[in-house]
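Contents: one structure, followed by commentary.
Keep in mind that what you see is a predicted model, and the values were worked out from it rather than measured. What's counted below: heavy atoms across the whole structure, side chains too, no hydrogens, waters or symmetry copies. Start at 1 with the first residue, then count along the sequence. Remember, it's 1-based here, ligands and their atoms both numbered in the order they're listed.
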Amino acid sequence: MSFPYHSAVVVAGGGGFIGGHLVGALLAQGHRVRAVDRKPTRDWYQVHADAENVVADLTRIEACMTACQGMQACYQLAADMGGMGFIENNKALCMLSVLVSTHMLVAAREQGLDSIFYASSACVYNAGKQSSEDAAPLKEADAYPAMPEDGYGWEKLFSERMHRHFREDFGLRTRVARYHNVYGPHGTWRGGREKAPAAICRKVIQAKRSGATTIEIWGDGRQTRSFMYIDDCVKGTLDIMHCDVVEPINLGSDELITINGLVDLVEEIAGVRLRREYRLDAPKGVNGRNSDNRMILAELGWKPSIRLCDGMERTYRWIHDEYARTYS
Ligand code: NAD
């Protein structure tokens, strides 16, 4: 491991879903943590009293310089981000996250940080490799030749590349994970940025409370995905930061499920059955996407530890309570 434990660490995007969990884990390990996010702290998913919590817009280089000052390592998670409905309709906004990635890299170098971790995405993968529901799991080499998700995926691929060149040209220690759909408590469940697991939980809860008998599904429900529980994501993120693999590496679950299967699961947890109304014109993303975990298993010994049914149960309970709190 290159930087010592109990060092000072900045988490960019610390007010977000994964950032909030990561800050908690880093504090538990004894790090001094600075969490930085653009949102006012009342909108952060988690505010850890033991962290230094800073509200700043990291598209600005000055804010990045201040965020990195006195720190040894950075986890760069800040990005304009959401599920398919958001990224298909906000391509320019997604691409503007390049300002954060760029300025955090420049600041990390100028402030003499030892290491920077970058949260990339499975959206960097070539769309041609994801055209059927039973497409082969995506291995790291499948990002090239480049044909990523328009907007969001291009930004991630470009930023990955920039991390590589800061390492090669400037000697900054960079690590990159390609996250595949992360879900769990303390994340987005309404408002348009939520992803399929949270959206389905919310719709089922909504139907149960209102007595509705139908649920709207985006696409034909046959599209396949894998979903990684947040605890596995945080553990994998820390493992990747401390490992020797310099190339981008998959961090995801390989438990494949159709969207219809995910609805079945949530219905079972909730104890209801709903009639499905398929919206074929809604954003649904690629037809099939799964993570090939051979590299991360061989190099780091990491594999997902939480089954989808268990993680979804916890997620459903959390969204259920949030829903009740919000709408009561
Ligand atoms: P999130 O939206 O909950 O968190 C991102 C945070 O970044 C937000 O709190 C947002 O306010 C903050 N942010 C955005 N722009 C900023 C700026 N200019 N200055 C300061 N803060 C800013 O998303 P998340 O699910 O926690 O994702 C974290 C990272 O992981 C993102 O980079 C995302 O692209 C990546 N990722 C997530 C998933 C997933 O399934 N959640 C999958 C692939 C990649």
Side-chain angles (χ1 to χ4, degrees), residues 10-24 34-47 53-64 66-68 74-84 86-87 90 93-104 107 116-125 138 148-149 151-157 159-160 163 176-199 225-230 232-234 236-237 240 248 250-253 285 289 291 311 315:
V10 56
V11 177
F17 164 46
I18 302 171
H21 287 275
L22 183 62
V23 169
R34 180 178 292 154
V36 186
D37 205 290
R38 183 168 57 181
K39 299 183 293 204
T41 44
R42 66 171 178 275
D43 294 336
W44 292 25
Y45 291 114
Q46 300 183 67
V47 179
N53 298 307
V54 178
V55 175
D57 180 356
L58 295 171
T59 57
R60 294 173 45 245
I61 181 76
E62 307 78 31
C64 296
T66 310
C68 289
C74 171
Y75 290 85
Q76 196 328 61
L77 273 64
D80 252 314
M81 147 75 178
M84 279 320 299
F86 180 79
I87 64 177
N90 294 278
L93 213 52
C94 289
M95 295 202 86
L96 280 172
S97 295
V98 78
L99 292 173
V100 184
S101 310
T102 308
H103 290 152
M104 283 306 288
I116 184 165
F117 168 96
Y118 178 60
S120 184
S121 164
C123 288
V124 300
Y125 283 114
L138 294 158
E149 182 82 38
Y152 178 74
W154 275 108
E155 190 280 320
K156 290 289 186 194
L157 194 62
S159 293
E160 276 190 359
H163 280 74
V176 177
R178 289 183 183 148
Y179 291 160
H180 290 245
N181 290 308
V182 189
Y183 74 100
H186 300 285
T188 312
W189 57 275
R190 64 181 181 135
R193 288 183 186 243
E194 63 279 13
K195 294 187 151 207
R225 292 292 184 278
S226 68
F227 299 97
M228 168 171 54
Y229 190 66
I230 182 65
D232 283 327
C233 174
V234 168
T237 298
I240 289 172
N250 277 336
L251 183 57
S253 167
R289 176 178 289 165
S291 178
T315 307

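- When only non-hydrogen protein atoms are considered, atom 14 (C) of ligand 1 lies nearest to A79 O, 3.4 Å.
- Distances shorter than 4.0 angstrom occur between a heavy atom of A56 and an atom of ligand 1.
- At least one heavy atom of S120 sits less than 4.0 Å from an atom of ligand 1.
- What sits closest to atom 9 (O) of ligand 1 on the protein, heavy atoms only, is D37 OD2, 2.7 Å.
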**OP:** May I have the step-by-step check of side chain to side chain contact (heavy atoms under 4.5 Å, CB included) for V36 and V11, ending in yes or no?
**Re:** CA-CA 6 Å; V36 186; V11 177; over 6 Å; no
Subject >> Trace of the side chain to side chain contact (heavy atoms under 4.5 Å, CB included) decision for M104 with C74 >> reply: CA-CA 9 Å; M104 283 306 288; C74 171; 3.5 Å; yes
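- A side-chain donor-acceptor contact under 3.5 Å links H21 to the backbone of P185.
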**OP:** Carefully, step by step, assess E149 and W154 under the rule side chain to side chain contact (heavy atoms under 4.5 Å, CB included).
**Re:** CA-CA 6 Å; E149 182 82 38; W154 275 108; over 6 Å; no
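- A heavy-atom separation below 4.0 Å is not found between Y183 and ligand 1.
- Checking H186, R38, M81, Q76 against atom 23 (O) of ligand 1, the nearest heavy atom belongs to M81.
- For Y45, the closest heavy-atom approach to ligand 1 falls below 4.0 Å.
- Although no hydrogens or angles enter the test, the distance criterion places no donor-acceptor pair under 3.5 Å between the side chain of E62 and the main chain of C64.
- From the protein, the heavy atom lying nearest to atom 19 (N) of ligand 1 is L58 N, 2.8 Å.
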**OP:** Begin with the C-alpha distance, continue with both residues' side-chain angles, and end with the deciding distance and a verdict on side chain to side chain contact (heavy atoms under 4.5 Å, CB included) for R289 and L138.
**Re:** CA-CA 7 Å; R289 176 178 289 165; L138 294 158; 3.7 Å; yes
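- Smallest separation of non-hydrogen atoms from A119 and L77: CB-CG, 4.0 Å.
- Among protein heavy atoms, atom 34 (O) of ligand 1 sits closest to Y152 OH, 2.6 Å.
- Residue-ligand proximity, K195 to ligand 1, at heavy-atom distances under 4.0 Å covers atoms 38 (C), 39 (C), 40 (O), 42 (C).
- Counting atoms of ligand 1 from 1 in the listed order, those under 4.0 Å from a heavy atom of L77 are 5 (C), 28 (C), 29 (C), 31 (C), 32 (O).
- A donor and an acceptor atom, one from each side chain of T237 and Y179, are located under 3.5 Å apart.
- Close approach to N181 involves these atoms of ligand 1, each under 4.0 Å from a residue heavy atom: 40 (O).
- Here is the list of ligand 1 atoms found below 4.0 Å of a heavy atom in K39: 9 (O), 11 (O).
- Protein heavy atom in closest approach to atom 18 (N) of ligand 1: D57 OD1, 2.9 Å.
- A distance-only check finds a donor-acceptor pair linking the side chain of S226 to the backbone of S253 [under 3.5 Å].
- When only modelled atom types and interatomic distance are considered, S159 and E155 share a side-chain donor-acceptor pair under 3.5 Å.
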**OP:** Could you give me the CA-CA distance, side-chain angles and deciding distance for S120 and E160, then say whether side chain to side chain donor-acceptor pair (under 3.5 Å) is met?
**Re:** CA-CA 7 Å; S120 184; E160 276 190 359; 2.8 Å; yes
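- There is a side-chain donor-acceptor pair under 3.5 Å between T188 and Y45.
- Close contacts of ligand 1 with K156, meaning ligand atoms under 4.0 Å from a residue heavy atom, involve 31 (C), 32 (O), 33 (C), 34 (O).
- Regarding atom 25 (O) of ligand 1, its nearest protein heavy-atom neighbour is F17 CD2, 3.7 Å.
- If you number the atoms of ligand 1 from 1 as listed, the ones under 4.0 Å from a heavy atom of V100 come out as 18 (N).
- Side chain of W44 to main chain of K39: a donor-acceptor pair is present (N/O by atom type, distance under 3.5 Å, no hydrogens or angles).
- Per-residue contacts place A119 under 4.0 angstrom from the following atoms of ligand 1 (heavy atoms of the residue considered): 29 (C), 30 (O), 32 (O).
- With distances taken over non-hydrogen atoms, the option nearest atom 36 (N) of ligand 1 out of F86, Y179, W44 is Y179.
- Of the protein's non-hydrogen atoms, the one nearest atom 27 (O) of ligand 1 is I18 CD1, 3.8 Å.
- The atoms of ligand 1 that sit less than 4.0 Å from any heavy atom of G16 are 3 (O), 4 (O), 9 (O).
- The protein heavy atom nearest to atom 40 (O) of ligand 1 is V182 N, 2.7 Å.
- Side-chain contact, Y125 with N250: a donor N or O sits under 3.5 Å from an acceptor N or O.
- R178 does not count as a contact of ligand 1, since none of its heavy atoms falls under 4.0 Å from the ligand.
- Counting only non-hydrogen atoms, the option in G19, A78, S97, G252 that gets closest to atom 22 (C) of ligand 1 is A78.
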